[in-house]
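Okay, so here's the structure we're looking at.
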Amino acid sequence: MAQPAQGGVRFLICPDAQLIRQEIDARLDPEVRRKVYWGDDDPPLGEDFWTNLTIKGLFAEPKALVLRKAQALTAALWDKLQQAAPRPGSDVTLFLCLEGQWNKNAPAVPAVLKKRPLWTGTAKENVWQSPGLTRKTVQGFVENFARERGLAFAPGGLQAAAQALPLDARAARLELEKIALAAGPDPAGPELADLITPHEEMAFFTFLDQLQAGRADLVWERVMADHLKPTGDRMLFPCWPRWPARPGCWAPWPATKKPAACRGSCWTRSAAWPAPWVKKAWPPCWIWPCGPSTGSSPGSRP
């Protein structure tokens with residue numbers, strides 16, 4: 001069980017924001033005032049942060065400052081934090097959240113921080129670390145949720161839910177809320193795991209196989225899931241301009257006219273497109289497949 005925060009610095013090392021939030025909630029009294037700041041803001045750590053960190057209030061009420069994405073801080077800011085960091089027993093608790101992805105089993109501690117006294121001088125009990133949800137730990141996550149909500153599972157129900165859940169704590173919690181609602185006062189059986197929205201992404205090479213096979217339904221599901229990601233996390237579209245023109249083609253590569261191998265209406269002009277046909281890679285929303293043998297097209301935008 002987490003020890004209550006009593007001033008000073010706490011490091012939270014985890015790539016899952018929901019698990020970080022749960023850990024902070026476990027360490028803080030609900031009445032403690034908290035403010036959240038972001039280490040990747042531009043510019044990071046404005047005057048409001050430093051004022052709240054260093055200036056005591058008139059009544060010295062306890063408060064918590066949560067610095068998200070602290071792994072983005074520069075060496076100069078880590079040095080400034082070292083000078084201003086609250087001491088144990090003070091009325092300020094500073095949570096420094098290092099949210100980078102772990103390297104195998106190694107916590108993601110920035111190299112710029114590792115040799116600084118702010119890190120080396122922090123007691124082990126003030127460092128919490130977790131790689132996030134894994135298939136080994138998700139069952140414990142489900143058990144904690146069940147205790148919190150008073151949810152009982154029928155035989156096999158807990159294991160079925162744990163196996164089907166996404167490995168993202170916020171998404172997993174939302175799926176468990178669905179199961180709790182569907183179960184009502186009864187134990188949740190394994191059949192309720194079917195309520196969990198499929199979340200496993202199609203592997204890239206499986207995607208290419210389905211693309212060649214003309215499985216538009218599966219391909220579009222993967223395409224749109226990728227398109228909803230932040231730009232830096234997308235995998236598919238940067239690769240498509242290198243895809244060769246061939247029967248059963250898709251049309252995302254640069255060209256100034258229809259490729260001979262592409263038949264049907266998949267290159268039909270649209271006022272929404274940036275140019276007649278294509279002069280650069282198209283926006284993903286306006287790409288659809290020809291059939292592998294007939295050259296058929298859905299005929300309308302998905």
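Atom CZ of Arg21 has 12 or fewer heavy atoms from other residues, nucleotides or ligands within 6.0 Å. Under a cut-off of 6.0 angstrom, the local environment of CD in Glu148 is crowded, with over 12 non-hydrogen atoms contributed by other residues, nucleotides or ligands.
Lys35 places none of its side-chain heavy atoms less than 4.5 Å from the side chain of Lys63. When side chains are defined from C-beta on, Val92 does not count as touching Asn52, because their heavy atoms never get closer than 4.5 Å. The side-chain heavy atoms of Phe141 and Gln22, taken from C-beta on, include a pair separated by under 4.5 Å. Residues Val9 and Pro86 form a side-chain contact, since some pair of their non-hydrogen atoms from C-beta on lies under 4.5 Å apart. Contact of the Leu53 side chain with the Tyr37 side chain is not registered, since no non-hydrogen atoms from C-beta on lie closer than 4.5 Å. Side-chain contact between Phe153 and Val142: present, with at least one pair of heavy atoms (C-beta onward) separated by less than 4.5 Å. Counting heavy atoms from C-beta on, the side chains of Arg173 and Phe145 come closer than 4.5 Å. Using a 4.5 Å heavy-atom cutoff, the side chains of Val66 and Leu12 are not in contact.
Linking Ile, Leu, Val, Met, Phe, Trp and Tyr residues whenever their side-chain heavy atoms come within less than 4.5 Å places Phe11 and Leu73 in a single cluster. Following chains of ILVMFWY side-chain contacts shorter than 4.5 Å, one cannot reach Val138 starting from Trp102, and the two form parts of different hydrophobic clusters. In the hydrophobic clustering of this structure, Val36 does not group with Leu96; members are Ile, Leu, Val, Met, Phe, Trp, Tyr whose side-chain heavy atoms approach within less than 4.5 Å, directly or through other members. In the hydrophobic clustering of this structure, Ile24 does not group with Leu94; members are Ile, Leu, Val, Met, Phe, Trp, Tyr whose side-chain heavy atoms approach within less than 4.5 Å, directly or through other members. Follow the hydrophobic side-chain contacts under 4.5 Å out from Val127 and you reach Val109 in the same cluster.
Annotation: the span from Arg27 atom CZ to Asn126 atom CG amounts to 7.0 Å, rounded to 0.5 Å. With rounding to the nearest 0.5 Å, the separation of CZ in Arg10 from CD in Glu125 is 8.0 Å. The CG atom of Leu192 sits 10.5 Å away from atom CG of Leu181, with the distance rounded to the nearest 0.5 Å. Of the inter-residue distances, the one linking Leu158 atom CG with Gln139 atom CD reads 5.0 Å to the nearest 0.5 angstrom. With rounding to the nearest 0.5 angstrom, the CD1 atom of Ile20 is 11.0 Å from the CZ atom of Phe95. From Leu165, atom CG reaches atom CG of Leu174 across 10.5 Å, with rounding to the nearest 0.5 Å.
A distance-only check finds no donor-acceptor pair linking the side chain of Gln71 to the backbone of Leu98 [under 3.5 Å]. Checking side-chain atoms of Trp38 against main-chain N and O of Lys69 turns up no donor-acceptor pair under 3.5 Å.
Minimum heavy-atom separation, Arg135 to Ala162: NH1-O, 2.8 Å. Scanning both residues, Asp16 and Leu167, for their nearest heavy atoms gives OD2-O, 4.4 Å. Ala183 and Leu151 get closest at one heavy-atom pair: CB-CD1, 4.3 Å. Between Gly39 and Pro44, the closest heavy-atom pair is O-CB, 3.5 Å. Nearest approach of Leu118 to Leu81, heavy atoms of both residues: CD2-CB, 4.1 Å. Taking all atoms of both residues into account, the shortest heavy-atom contact from Ser130 to Pro15 is O-CD, 3.5 Å.
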